[in-house]
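Each remark here refers to the structure printed beneath this line.
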Amino acid sequence: MKTQKSIPTTKVERSAKFVKTGIQIGGNYIKHYSKKLFNPEMDREQLNEDNATDIYKSLSELKGSALKIAQMLSMDKNILPKSYVDKFTQSQYNAPPLSGPLIVRTFTKNFGKTPEQIFDTFNLTSSNAASIGQVHQATLKGKKLAIKIQYPGVGDSISSDLKLVKPFAFRLLGMSERELSIYIKEVEERLLEETDYELEVKRSIQFSEACKNLEDVVFPQYYPALSGKRIITMDWIEGLHLKEFLQTNPSQQLRNKIGQALWDFYNFQQHELRAVHADPHPGNFMITPDKKLGVIDFGCIKEMPDDFYNPFFALISTDVINDKDKTIEAFRKLDMIHADDTPEQIEFYYKSYREMISLFAKPYTSGEFDFSKPDFFEQLYMYGEKISKMPEFKQARGVKHFIYVNRTNFGLYTILHELKATVKTDTFKPHV
């Protein structure tokens with residue numbers, strides 16, 4: 001893959017990149033509608049393909065929060081046209097890496113020494129390049145290490161980047177202005193944490209220690225003395241990413257084993273720690289040679305306060321959903337039903353959200369769930385598509401915690417679907 005020799009870091013440079021992309025997209029629309037004059041039956045597939053290519057190219061060169069948004073959107077498969085999902089999915093595994101000299105400069109600026117002055121060996125070619133940083137392999141005293149280096153300017157450009165991303169997100173997501181503002185604000189808070197590598201090392205040690213007794217889940221050891229604000233040093237975990245693992249045609253038994261490890265990893269955190277690894281894209285996991293789930297990134301953690309956790313998980317794990325008054329009370333606590341709603345609106349949102357929660361909760365209420373069956377996901381996507389067209393859902397509803405908790409659970413469901421795994425879903429139950 002072609003390396004990137006520079007990265008726009010100033011607000012002016014990054015704004016110019018967005019403006020240029022906007023002009024390209026405008027040109028794509030002109031081309032599309034010009035062709036449509038001669039072929040009225042032509043669909044938007046080529047337009048979506050061209051726009052997705054231009055937007056992804058721009059975001060991948062900018063890195064940081066801009067590319068992170070693409071990564072998040074690629075996981076919400078019912079929100080975007082397929083062209084965008086296919087293109088943005090690249091950011092889950094590999095974005096264009098920065099060149100070796102630029103990485104050395106970044107390393108030296110943050111550490112005061114070159115990589116060769118600290119490690120016995122350091123591979124200037126990255127093994128993985130994603131949205132916030134890229135990973136290089138190194139050795140020290142016979143131990144193989146993974147060195148994660150944050151892209152220049154990423155932490156300083158989050159707020160301004162998200163303002164620039166807003167028009168693209170507005171067009172792609174179809175959210176109301178208020179809803180999009182809540183979304184962007186919550187994303188900004190998580191990204192500010194995610195670019196704080198000292199916080200990530202601290203959390204990585206805490207979470208890997210808390211989860212160390214989970215069956216078939218393994219974590220790297222982290223080295224605070226070899227880490228800093230923009231650099232993380234951890235053990236190198238050998239293994240295959242999900243896509244590579246599935247290409248080996250694993251047995252159903254092995255698919256179920258990895259799926260169970262993934263389910264337990266997430267639900268142990270949700271229900272025992274009340275905080276969860278909120279970045280469930282496949283690039284953050286490895287299947288190791290001894291057939292275990294390796295977790296290699298704790299950058300994005302979402303804490304769940306009691307006033308969200310209790311009403312939300314009561315709805316999906318108890319008989320509350322069968323009691324209309326209790327369900328409406330829970331919906332009020334979660335800001336899904338508003339104080340000024342009319343009786344007609346209350347009834348509408350009660351029925352709509354009850355249907356949504358009942359569908360979402362199926363894995364939790366089944367004891368065991370087969371994620372290979374497409375009908376569950378078709379129902380989810382069809383319901384999402386249905387409500388996206390309803391004017392009643394154009395206004396923002398629901399507390400901000402839904403953004404990452406929903407993303408976490410739907411991301412988990414999606415990976416389990418790709419694994420075609422059957423898992424026991426009652427191993428860690430909600431405490432409500």
Side-chain angles (χ1 to χ4, degrees), residues 3-10 14 62-68 71 95 97-161 188-210 219-237 275 277-279 283-284 286 294-301:
T3 60
Q4 190 174 330
K5 293 183 170 57
S6 65
I7 182 170
T9 56
T10 69
R14 296 177 79 81
L62 287 166
K63 314 291 188 193
S65 49
L67 187 55
K68 195 72 180 180
Q71 187 185 88
L98 297 188
S99 66
L102 185 54
I103 281 298
V104 171
R105 287 203 300 274
T106 303
F107 196 98
T108 305
K109 182 179 178 182
N110 286 278
F111 239 116
K113 295 179 180 179
T114 65
E116 290 78 8
Q117 290 174 312
I118 295 174
F119 303 105
D120 295 335
T121 64
F122 184 89
N123 190 341
L124 280 177
T125 303
S126 74
S127 59
N128 184 41
S131 51
I132 302 295
Q134 63 188 49
V135 177
H136 293 255
Q137 192 178 99
T139 60
L140 184 63
K141 298 178 181 176
K143 181 166 282 197
K144 194 182 286 188
L145 302 171
I147 318 300
K148 187 160 79 168
I149 302 174
Q150 190 173 127
Y151 299 128
V154 163
D156 301 325
S157 62
I158 290 171
S159 297
S160 56
D161 268 7
E188 181 178 355
E189 288 177 10
R190 298 286 76 74
L191 286 174
L192 286 169
E193 291 181 355
E194 202 166 344
T195 55
D196 184 345
Y197 276 6
E198 290 174 326
L199 176 62
E200 180 175 343
V201 169
K202 182 181 174 182
R203 281 176 163 173
S204 299
I205 293 169
Q206 288 174 341
F207 273 72
S208 52
E209 179 64 24
F219 308 94
Q221 181 178 344
Y222 291 82
Y223 300 95
L226 295 172
S227 304
K229 285 187 177 296
R230 300 290 182 260
I231 295 167
I232 295 176
T233 299
M234 67 186 95
D235 285 341
W236 182 272
I237 288 191
H277 177 291
D279 200 4
N284 283 340
M286 308 288 286
V295 184
I296 57 174
D297 190 302
F298 277 101
C300 184
I301 299 294

Validation row: [X], [Y] side chains within 4.5 angstrom (heavy atoms):
X	Y	result
Met234	Leu145	no
Asp196	Lys229	no
Gln134	Gln150	no

So how far is it from [X] [atom1] to [Y] [atom2], rounded to the nearest 0.5 Å?
X	Y	atom1	atom2	answer
Asn110	Ser227	CG	OG	12.0 Å
Glu198	Arg203	CD	CZ	13.5 Å
Leu102	Leu124	CG	CG	11.5 Å
Cys300	Leu191	SG	CG	7.5 Å
Ile149	Tyr197	CD1	OH	9.0 Å
Ser204	Phe219	OG	CZ	10.0 Å

Any cation-pi pair here, Lys113 with Phe107, using under 6.0 Å and within 45°?
no
What heavy-atom pair brings [X] and [Y] nearest, and what distance separates the two atoms?
X	Y	result
Leu226	Ile118	CD2-CG2, 3.9 Å
Phe119	Ala138	CG-CB, 4.0 Å
Val201	Pro224	CG1-CG, 4.1 Å
Gly283	Ile296	O-CD1, 3.7 Å
Asp297	Gly299	OD1-N, 2.7 Å
Glu193	Ile301	OE1-O, 3.7 Å

Phe207 vs His277, ring pair (Phe, Tyr, Trp, His ring centres under 6.0 Å): CA-CA, chis, key distance, verdict
CA-CA 9 Å; Phe207 273 72; His277 177 291; 8.5 Å; no
Using a 3.5 Å distance criterion without hydrogens, assess whether the side chain of [X] forms a donor-acceptor pair with backbone atoms of [Y].
X	Y	answer
Thr195	Leu192	yes
Gln137	Lys144	no
Glu209	Gln206	no

With a 3.5 Å cut-off and no angle check, do the side chains of Lys143 and Tyr223 form a donor-acceptor pair?
yes
Go through the side-chain N and O atoms of Tyr222 and Asp235 and say whether any donor and acceptor fall under 3.5 Å apart.
no
Distance flag, aromatic centroids of His136 and Phe122, threshold under 6.0 Å:
yes
Thr121: side-chain contact (heavy atoms from CB on, under 4.5 Å) partners, not counting sequence neighbours
Thr139
Can you check side-chain contact (heavy atoms from CB on, under 4.5 Å) on Ile147 and Ile231, steps first, answer last?
CA-CA 7 Å; Ile147 318 300; Ile231 295 167; 3.9 Å; yes
